[in-house]
Amino acid sequence: MFSLIDFIRSGQTYEAIMFVLSGCFVVFICSPIHELAHGLVAYKLGDKTAKNQGRLTFNPIAHIDPIGMIMILLFGFGFAKPVPVSMRNLKKPKRDMALIALAGPFSNIILAFISIFIFYAVRRFLPTDSLIVYYLSLFFYYSTYINVTLAGFNLIPLPPLDGSKVLAAFLPNKAYFKYMQFERYAMIALLVLVGTGVLDRVLTKITGVLMIAITFIPSLIFGNVWTI
């Protein structure tokens with residue numbers, strides 16, 4: 001797992017700068033797309049709550065959560081302000097909530113694929129002995145990594161993360177409502193998992209699998225390239 005603190009401790013100043021710049025790109029561009037994806041799918045499925053509250057926008061100000069933003073810049077994963085969804089407006093609440101939840105991480109995977117595709121192209125066609133090319137490739141690699149990590153983080157089946165809505169779709173109604181009651185304690189549980197390092201181990205495995213998946217096509221097209 002990459003983190004700004006590790007880069008600073010190891011004296012990798014320029015890598016730390018590129019990590020922060022990539023994090024800013026994710027915070028101000030990718031995270032709004034993540035939340036917009038939630039809102040658009042909800043709107044298509046009959047719920048206009050996000051639209052009525054001005055959340056169907058690319059404007060990052062509408063989506064940024066200060067704590068989530070700091071987490072992204074420091075650790076490469078975090079969260080934005082959740083898009084409001086009213087289940088009573090959905091025809092099939094459990095199924096539709098799962099689809100709405102999946103839209104966000106899916107958008108991060110698409111953005112990660114675009115970033116890694118550019119990374120491979122830069123490594124293949126531009127001179128690798130150039131510092132500018134090196135830092136440009138770092139930017140796209142870290143952008144890929146943070147987007148993949150965000151997708152993996154949000155897919156963890158713990159309320160209020162997106163993965164909890166996906167898991168809930170497969171639960172019987174009685175178990176579903178009990179599961180959702182846990183949401184009020186979920187943020188404390190998340191902080192404990194982050195603080196103890198348990199989440200790092202889980203995310204490392206999820207991120208590794210997703211990175212292998214999204215690099216498959218670029219590696220076929222561009223072949224092996226000098227990686228970070």
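Fair warning: this is a prediction, and the values are worked out from it, not measured in the lab.
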message = Do Phe19 and Ile146 have side chains that approach each other closer than 4.5 Å (heavy atoms only, starting at C-beta)?
response = yes

TODO: Report, as yes or no, whether the 6.0 Å neighbourhood of atom CD1 on Ile221 holds more than 12 heavy atoms from other residues, nucleotides or ligands.
DONE: yes

Item to complete: Answer yes or no: is there a side-chain heavy-atom contact under 4.5 Å between Leu4 and Phe75?
Response: no

- Query: Given side chains that start at C-beta, do those of Leu102 and Asp162 come closer than 4.5 Å, heavy atoms only?
  - Reply: no

Looking at Met18, is its backbone amide N or carbonyl O close enough to the side chain of Tyr142 to form a donor-acceptor pair, meaning the two atoms are under 3.5 Å apart?
no

* To do: Examine distances only and state if a side-chain atom of His38 and a backbone atom of Ile100 form a donor-acceptor pair shorter than 3.5 Å.
  => yes

Between the CG atom in Asp47 and the CE atom in Met97, the distance rounded to the nearest 0.5 Å is 9.0 Å

Does either side chain, that of Ser3 or that of Asp6, offer a donor lying less than 3.5 Å from an acceptor on the other one?
yes

One should read off an interatomic distance between Leu131 CG and Tyr14 OH, to the nearest 0.5 angstrom, of 9.0 Å

Check your understanding: Are Phe222 and Phe117 near enough that their ring centres are under 6.0 Å apart?
Key -> yes

For Asn108 and Val148, indicate whether the former's side chain and the latter's backbone hold a donor-acceptor pair under 3.5 Å. no

Does any non-hydrogen side-chain atom of Ile156 lie less than 4.5 Å from one of Ile206? yes

Check your understanding: Would you say the side chain of Ile109 lies within less than 4.5 Å of the side chain of Phe113, judging by non-hydrogen atoms?
Key -> no

Answer yes or no: is there a donor N or O on one side and an acceptor on the other, between the side chain of Ser164 and the main chain of Leu161, under 3.5 Å?
yes

*Using modelled atom types only, decide if a donor and an acceptor are shared between the side chain of Ser143 and the backbone of Phe139 within a distance under 3.5 Å.*
no

Do any N or O atoms from the side chain of Arg123 and from the backbone of Ser137 form a donor-acceptor pair under 3.5 angstrom?
no

*asked:* Strictly distance-based, threshold 3.5 Å: is any side-chain N or O of Asn154 a donor or acceptor partner for the main-chain N or O of Leu150?
replied: yes

Below 4.5 Å, heavy atoms only, C-beta onward: do Glu35 and Lys81 meet side chain to side chain?
no

### Task
For residues Phe79 and Phe153, establish whether the separation of their ring centroids is below 6.0 Å.
no

Counting N and O atoms only, with roles assigned by atom type, does the side chain of Ser10 sit under 3.5 Å from a partner on the main chain of Phe7, one being a donor and the other an acceptor? yes

CG (Asn147) and CE (Met211) are apart, to the nearest 0.5 Å, by 10.5 Å

Worksheet item: Checking His63 side chain against Thr57 main chain: does a donor-acceptor pair fall under 3.5 Å?
Response: yes

> Is any side-chain heavy atom of Ser31 closer than 4.5 Å to a side-chain heavy atom of Met69?
Replying inline: no

TODO: Keeping the roles fixed (side chain from Thr144, backbone from Ile116), state whether a donor-acceptor pair exists under 3.5 Å.
DONE: yes

